[in-house]
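Let me begin by handing over the structure; questions about it come next.
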Amino acid sequence: MSSITLRTALPADRDIVVELIHQLNVFEADLVGDRRRDYRAAEEYYDELMQRLSRRNGRIVLAEAEGVVIAAMGFSLDQDAAYVIDDVRNHGTVTDLIVHHDWRGRGIGQTLLDEAERLTREAGHKRLVIGALVANERAERTYRAFGFEPYVSILSKEL
């Protein structure tokens, strides 16, 4: 396998990150049916994500192989509500983890999760959280194999 390098995304990386988001939207649309498939949706989400990350001491981390971006991970430092004990109230959050379809199954996601753990520890926090669509069984299997366990379940009801 090619050597993988990680770096923080720059504004000039917008188009490639938007493309990865678009690929994920199309993939997830087949799983759950509530995702927009148009490219504009990915552009709008990128803008929302960047605003959210900037407020939460976050960034997008890119994985590259041979100078080509093959994956992106949104990462931020967050704080739970006051009722959570101080020891784990502050935590790292993986907001998004997107691996280009040609690179899935090669450990790229695990490399990015290792980086999320490193960034969380570097900030002095002891908890890292991530979300996944229930229908995205592959992502959930990957996260569980990495050591994540269910913590909160969000239920949805169509009205």
Side-chain angles (χ1 to χ4, degrees), residues 4-29 31-32 34-36 38-64 69-100 103-104 107-136 138-140 142-156:
I4 304 302
T5 58
L6 302 179
R7 68 176 176 85
T8 298
L10 302 170
D13 296 309
R14 182 184 193 278
D15 290 346
I16 187 61
V17 175
V18 167
E19 177 57 34
L20 288 169
I21 292 167
H22 178 67
Q23 288 179 18
L24 182 62
N25 286 351
V26 170
F27 174 77
E28 289 182 342
L31 296 177
V32 294
D34 68 354
R35 297 297 192 260
R36 288 172 47 192
D38 59 293
Y39 199 81
R40 183 72 189 132
E43 293 174 320
E44 290 171 7
Y45 179 71
Y46 174 87
D47 294 339
E48 289 175 3
L49 176 62
M50 293 308 295
Q51 288 175 12
R52 195 168 59 246
L53 291 176
S54 71
R55 290 189 308 266
R56 294 164 47 188
N57 195 19
R59 68 188 87 170
I60 294 177
V61 177
L62 301 179
E64 292 182 331
V69 174
I70 58 171
M73 174 183 71
F75 175 82
S76 62
L77 298 173
D78 295 304
Q79 186 176 69
D80 279 331
Y83 54 74
V84 176
I85 63 172
D86 288 341
D87 199 39
V88 291
R89 184 175 182 204
N90 294 310
H91 59 86
T93 302
V94 174
T95 62
D96 301 87
L97 182 60
I98 310 165
V99 178
H100 188 281
W103 288 84
R104 291 185 188 141
I108 309 305
Q110 291 181 0
T111 299
L112 286 166
L113 291 172
D114 284 336
E115 178 67 0
E117 280 189 359
R118 187 191 72 73
L119 292 168
T120 300
R121 285 189 186 106
E122 182 180 86
H125 303 326
K126 297 178 182 178
R127 179 179 279 175
L128 177 63
V129 298
I130 192 169
L133 288 173
V134 172
N136 192 343
R138 183 175 186 169
E140 186 165 338
T142 298
Y143 301 156
R144 285 177 181 260
F146 196 77
F148 287 97
E149 296 178 3
Y151 178 66
V152 172
S153 177
I154 296 175
L155 305 171
S156 173

(request) State whether Arg40 and Asp38 are salt-bridged, where the test is any N-O pair (Lys NZ or Arg NE/NH1/NH2 against Asp/Glu carboxylate O) under 4.0 Å. (result) no
(message) Looking at every heavy atom in both Gly92 and Thr120, which two are closest together, and how far apart are they?
(response) CA-OG1, 3.6 Å
(request) Would you name the heavy atoms of Asp80 and Arg127 that are closest together and state the gap between them? (result) OD2-NH1, 4.2 Å
(message) Do Asp96 and Ile21 have side chains that approach each other closer than 4.5 Å (heavy atoms only, starting at C-beta)?
(response) no
(request) Establish, for the pair Arg138 and Phe27, whether the NZ or CZ atom is under 6.0 angstrom from the six-membered ring centre and no further than 45 degrees off its axis. (result) no
(message) Quick check: closest heavy atoms across Leu53 and Ser76, and the distance to 0.1 Å?
(response) CD2-CB, 3.9 Å
(request) Of all the heavy-atom pairs spanning Ala71 and Leu112, show the shortest one and how long it is. (result) CB-CD1, 3.7 Å
(request) Answer yes or no: is there a donor N or O on one side and an acceptor on the other, between the side chain of Arg36 and the main chain of Asn25, under 3.5 Å? (result) no
(request) Any pair with a residue in residues 48-57 that passes salt bridge (Lys or Arg N to Asp or Glu O under 4.0 Å), sequence neighbours left out, goes on the list, sorted by first then second residue, please. (result) Arg56-Asp78
(message) Within a 6.0 Å radius of atom CG on Asp34, are there more than 12 heavy atoms belonging to other residues, nucleotides or ligands?
(response) yes
(message) Can you give me the closest heavy-atom contact between Leu133 and Glu28, atom names plus distance?
(response) CD1-CD, 3.5 Å
(message) Show the nearest heavy-atom pair for residues Val32 and Ala135, with the distance to one decimal.
(response) CG1-CB, 3.8 Å
(message) Rounded at 0.5 Å granularity, tell me how far CG in Leu97 sits from CD1 in Ile130.
(response) 5.5 Å
(request) Can you tell me which residue pairs pass the ring-ring contact (aromatic ring centres under 6.0 Å, His included) test with a partner in residues 39-59, sequence neighbours excluded? (result) His22-Tyr39
(message) Is the shortest side-chain heavy-atom distance between Leu128 and Phe75 below 4.5 Å?
(response) yes
(request) Could you check if a side-chain atom of Ile4 sits within less than 4.5 angstrom of a side-chain atom of Ile70, using non-hydrogen atoms only? (result) yes
(request) Taking the side chain as every heavy atom from C-beta outward, state whether Val94 and Met73 have any atom pair closer than 4.5 Å. (result) yes
